[in-house]
2 protein chains.
Amino acid sequence: MGAPFSHTPAACRAREILDRVGDKWSLYVISQLGVGTKRFTELKREIDGISQRMLTVTLRELERDGIVSRTMYPVMPPRVDYALTPLGHTLVEAVRGLVGWAEEHLDEIDAARTTYDTRAEQVFG
Amino acid sequence: MGAPFSHTPAACRAREILDRVGDKWSLYVISQLGVGTKRFTELKREIDGISQRMLTVTLRELERDGIVSRTMYPVMPPRVDYALTPLGHTLVEAVRGLVGWAEEHLDEIDAARTTYDTRAEQVFG
DNA sequence: CGGGATCCTGGGCGATACTG
DNA sequence: CAGTATCGCCCAGGATCCCG
């Protein structure tokens, strides 16, 4: 106790996964694949605002990390299925904790922001 | 069940906190403050590689979000203490889950990367 | 000591066009 | 359908200087 997550070393580990999951799109992709196996276009349609480029890049990254599996069918037109690996599923579980925290405390954060901004507004013109 | 974190809406919530915690320095600052109250220079010394600018920016952001408290003493030379708020402490708890996942699975990720890169190396020259 | 103000650069990301 | 390739923008964040 005392030390939160034994600070420096553990914080580094945490940052490593934040670098994998904390980018703009990874979490959305992981979230969608948590529902079940999906095809490329399906993901593109469901993840609002993502470009085909970023979907490809994100999927490659996640595949490289062993979080997402890619299954290609040699047919015309091409068909590729994406799914979470077992490792990917454990990640979803881990992230669930953060989501819970978010749902529980996001209002407090918004309130704190409003308070902070209002105070700043009063101090200056 | 089935849906991991009821995908879209919850994934958005998760991204909101990832935007707060997932930047380059926030987690390090939070981690250090989890140990106890610290002064500006103390944090700067303990967080390797952070610039005074980014420490200031990060602290302001966390203060605005109600995660960090700032106490100023009107003395010369100035003295400012930073500490986690109660909300900040709950965040540390939530992040602990991710840290645990990191410690447990980071080796698997590294292995997956090596495998992936090796395979790519064999396919191309 | 604890910052602000400025300037500058890298690379993350979007837009667009082309392919098997 | 499922990508790859190219270009270019933007801004997070580093470096530097100054100030109460």
Side-chain angles (χ1 to χ4, degrees), chain A residues 11 15-30 32-33 37-65 68-83 116-117 119-120 123-125, chain B residues 15-30 32-33 37-65 68-83 116 119-120 123-125:
Chain A
R15 283 233 39 40
E16 289 187 60
I17 66 152
L18 280 177
D19 282 339
R20 293 169 214 266
V21 173
D23 61 31
K24 192 168 180 183
W25 298 109
S26 287
L27 200 63
Y28 291 123
V29 172
I30 292 171
Q32 284 302 323
L33 292 181
T37 299
K38 307 249 179 177
R39 301 181 56 174
F40 187 89
T41 313
E42 213 169 342
L43 286 169
K44 171 129 176 50
R45 195 184 329 115
E46 289 168 352
I47 301 172
D48 195 60
I50 196 170
S51 61
Q52 64 282 57
R53 170 187 149 77
M54 284 318 294
L55 181 53
T56 302
V57 169
T58 303
L59 283 169
R60 288 290 173 281
E61 203 86 2
L62 292 174
E63 187 196 355
R64 186 168 110 99
D65 291 346
V68 159
S69 70
R70 177 185 139 102
T71 312
M72 229 182 95
Y73 302 95
V75 297
M76 260 312 267
R79 178 201 174 100
V80 181
D81 284 0
Y82 291 96
Y116 185 95
D117 294 346
R119 216 166 13 211
V123 173
F124 314 104
Chain B
R15 282 233 44 34
E16 290 188 59
I17 65 153
L18 279 178
D19 281 340
R20 292 167 215 265
V21 172
D23 62 32
K24 192 168 181 182
W25 298 110
S26 287
L27 200 64
Y28 291 124
V29 172
I30 292 171
Q32 284 301 324
L33 292 181
T37 300
K38 307 248 180 178
R39 301 181 54 174
F40 186 90
T41 313
E42 212 170 341
L43 286 169
K44 171 129 176 47
R45 196 185 328 115
E46 289 168 351
I47 301 172
D48 195 60
I50 196 171
S51 62
Q52 65 280 61
R53 171 186 149 76
M54 284 319 294
L55 181 53
T56 303
V57 169
T58 303
L59 283 169
R60 286 292 171 281
E61 202 85 2
L62 292 174
E63 187 197 355
R64 187 168 110 98
D65 290 347
V68 159
S69 70
R70 178 186 139 103
T71 314
M72 231 183 91
Y73 302 94
V75 296
M76 259 316 264
R79 178 200 175 100
V80 180
D81 283 0
Y82 291 95
Y116 185 96
R119 221 175 358 222
V123 173
F124 313 104

Could you tell me whether the phosphate oxygens of [N], OP1 or OP2, come under 4.0 Å of any side-chain nitrogen or oxygen in [X]?
X	N	value
A:T41	D:dA2	yes
B:Y82	C:dG3	yes
A:R79	D:dG3	no
A:R60	D:dG3	yes

Quick check: do [X] and [Y] have side-chain heavy atoms less than 4.5 Å from each other?
X	Y	value
B:E16	B:D19	no
B:E61	B:R20	no
B:L33	B:L62	no
B:T56	B:F40	yes

When we call it a touch if two heavy atoms are under 4.0 Å apart, what does [X] touch: a base, just sugar-phosphate, or nothing?
X	answer
A:K44	nothing
A:R39	sugar-phosphate
A:Y73	nothing

Between [atom2] on [N] and [atom1] on [X], what's the gap in Å once rounded to a whole number?
X	N	atom1	atom2	result
B:F40	C:dG3	CZ	P	5 Å
B:M54	D:dA12	CE	P	9 Å
A:M72	C:dG20	CE	P	14 Å
B:M76	D:dC19	CE	P	14 Å
B:E63	C:dG3	CD	C1'	13 Å
A:L55	C:dC13	CG	C1'	14 Å
A:Q52	D:dC1	CD	P	13 Å
A:L43	D:dC1	CG	P	14 Å

Quick one: on DNA chain C, does B:E42 or A:S51 contact a more 5' nucleotide (nearest heavy atom)? B:E42
With DNA chain C as reference, determine whether A:I50 or A:P77 sits nearer its 5' end, using the nearest nucleotide of each.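 The residue closer to the strand's 5' end, by nearest nucleotide, is A:I50.
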Nearest-nucleotide pick for [X], side chain only, options being [options]:
X	options	result
B:P78	C:dG14, C:dG3, D:dG20	D:dG20
A:R70	D:dG13, D:dG3, C:dG2	D:dG3
B:R53	D:dG3, C:dT6, C:dC13	C:dT6

Given side-chain contact (heavy atoms from CB on, under 4.5 Å), test B:R64 with A:D117 step by step and report yes or no. CA-CA 8 Å; B:R64 187 168 110 98; A:D117 294 346; 2.4 Å; yes
